[in-house]
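Have a look at the structure below, then the notes.
Atom set for the values below is all heavy atoms of this structure, side chains included, hydrogens, waters and symmetry mates excluded.
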Amino acid sequence: VGGISIFMPTLQYEACWALTNIASGTSEHTKAVIQCGAVPLLIKLLSSSYRHVASQALWGLGNIIGDSAECRDYVISHGVIGPLLSRITADIPIEFMRNIAWVISNLCRYRQPPPPFHAVCELLPVIAQLILHEDTAVISDICWAVTYLTDSGNDQIQLVADSGLVQHIVPLLKSDRRKVLMPAIRAIGNIVTGTDEQTQVCIDCGCLTHFARLLSFRKENIVRETAWVVSNVTAGNEAQIQAVIDAELVPPLLVLQEGDYRAQKEAAWAVCN
């Protein structure tokens, strides 16, 4: 830890790397890094003019944040979000950008408790921008960030709905990239577990138009997740059930009665609802 406080970029980089490796171990290892006072110093290095030092510090912080909700909130309480987001510039190298997207997804993880309200409010505008990124890895991690947020109850779902993110997630359902498609489906699925009004946001953005294709997708996990989403929509009001029928989703749901057992189960729930 002492090495990262000495203004020698090579030493700082190596010290960050060592701390990153330690924090990738058990929770006890991560707590040892925290207890030695590394977090404030790593956050300070996010502003380093030496990009490789800042990137390695970010990686270490990402490992700490990803360990638990307690560690996540501890790092947030030390003001990580501002310096993190300040590194997003027009000339940022793609590997650094991917690292930032991964850390953002870790900041949104864990539902008991969910991330602090102020942190979510700071992150959502940036998430709404990065979900339009052209890089698959960046989009995937940002989609997972939305998935984590929407898995924490109706209040978090409402924040996502109010941010305008749904209109950007729904087009991703056209993708054939599984790294993008799976978290996009899961995010929409989480949102439609909320109130009828929250479900309607997804319907109004056109999510139902993509489900017929996904219910016959070549990967069973995609089919199963899609059937789960549809079952949550049909648990809504009569107009939403009618929207599923109008989207001609009942025939592909019936076909699933001969497929994967877990997909059959979700399809049966959808039809029963």
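With a 4.5 Å cut-off on side-chain heavy atoms, V146 and V160 count as touching. Side-chain contact between L130 and I88 is present, with heavy atoms from C-beta onward closer than 4.5 Å. Residues V80 and L107 have side chains in contact (heavy-atom distance under 4.5 Å, counting atoms from C-beta outward). At least one side-chain heavy atom of T193 sits less than 4.5 Å from a side-chain heavy atom of I157. Residues L149 and L123 are not in side-chain contact: their nearest non-hydrogen atoms beyond the backbone lie 4.5 Å or more apart. A heavy-atom distance below 4.5 Å is found between the side chains of R177 and I139. In this structure the side chain of L61 never reaches within 4.5 angstrom of the side chain of V103, judged on heavy atoms. With contacts defined as side-chain heavy-atom distances shorter than 4.5 Å, the pair F211/V244 does not qualify.
Within 6.0 Å of atom CH2 in W102, more than 12 heavy atoms from other residues, nucleotides or ligands are found, so the atom counts as buried in its surroundings. Around CG of D155, the count of heavy atoms belonging to other residues, nucleotides or ligands within 6.0 Å does not exceed 12.
Between the side chains of Q158 and N154, not a single donor N or O lies within less than 3.5 Å of an accepting N or O. Residues D246 and Q242 bring a donor and an acceptor atom of their side chains to less than 3.5 Å of each other. Side chains of T234 and Q240: no donor on one and acceptor on the other come within 3.5 Å.
Scanning both residues, R87 and I100, for their nearest heavy atoms gives CB-CD1, 3.8 Å. Listed here is the closest heavy atom pair of P183 and S140: CG-O, 4.0 Å. Closest non-hydrogen pair, G206 versus H210, comes out as O-CD2, 3.4 Å. Taking every heavy atom of both residues into account, I43 and P83 meet most closely at CG2-CG, 4.0 Å. What you find for C121 and P125 is that their closest heavy atoms are O-CD, 3.2 Å. Taking every heavy atom of both residues into account, L42 and C16 meet most closely at CD2-SG, 3.8 Å.
With respect to D135 and R98, a salt bridge is recorded, a charged nitrogen being found less than 4.0 Å from a carboxylate O. Between D141 and K179, none of the side-chain N atoms (NZ, or NE/NH1/NH2) sits under 4.0 Å from a carboxylate O, so this pair counts as no salt bridge. Between R109 and D67, none of the side-chain N atoms (NZ, or NE/NH1/NH2) sits under 4.0 Å from a carboxylate O, so this pair counts as no salt bridge.
Of the possible polar contacts, one joining the N106 side chain to the G62 backbone as a donor-acceptor pair under 3.5 Å is found. For the pair T20 (side chain) and G60 (backbone), a donor-acceptor distance under 3.5 Å is present. Between the D151 side chain and the R111 main chain, no donor and acceptor come within less than 3.5 Å of each other. Distance alone, capped at 3.5 Å, is enough to place a donor-acceptor pair between the H78 side chain and the Y74 backbone. In this structure a side-chain-to-backbone donor-acceptor pair under 3.5 Å is missing from Q156 to P114. Put simply, the side chain of T199 gets close to the backbone of T195: a donor and an acceptor are under 3.5 Å apart. One N or O on the side chain of R72 and one on the backbone of Y110 form a donor-acceptor pair closer than 3.5 Å. Remark: side-chain polar atoms of R186 are not paired, donor with acceptor, to backbone N or O of T147 under 3.5 angstrom.
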Margin query: Test side-chain contact (heavy atoms from CB on, under 4.5 Å) on S216 and V223; report intermediate values, then the result.
Written below: CA-CA 6 Å; S216 59; V223 174; over 6 Å; no
Notebook entry, point to check: Would I65 and C71 count as a side-chain contact (heavy atoms from CB on, under 4.5 Å) if you check the C-alpha gap in whole Å, the side-chain angles of each, and the deciding distance to 0.1 Å?
Noted result: CA-CA 5 Å; I65 293 164; C71 291; over 6 Å; no
Next item on the list: Show your working on side-chain contact (heavy atoms from CB on, under 4.5 Å) between L181 and L172 and close with a plain yes or no.
Entry: CA-CA 7 Å; L181 194 51; L172 298 177; over 6 Å; no
Next item on the list: Show your working on side-chain contact (heavy atoms from CB on, under 4.5 Å) between L159 and F117 and close with a plain yes or no.
Entry: CA-CA 9 Å; L159 286 175; F117 177 81; 3.7 Å; yes
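Once rounded to the nearest 0.5 Å, the distance linking CD of E28 with OG1 of T30 reads 8.5 Å. Between H168 atom NE2 and C205 atom SG the span is 9.5 Å, to the nearest 0.5 Å. Taking CD1 of I142 as the reference point, atom CD1 of I127 lies at 5.5 Å (rounded to 0.5 Å). To the nearest 0.5 Å, atoms CD1 (I76) and CG (L84) are separated by 10.5 Å. Note that OG of S48 and CZ of R51 are 11.0 Å apart. Values are rounded to the nearest 0.5 Å. Here the straight-line distance linking atom CD1 of I188 with atom SG of C207 works out to 6.0 Å at 0.5 Å rounding.
The aromatic rings of Y50 and H52 sit perpendicular, their planes meeting at an angle over 60°, well past the 30° parallel limit.
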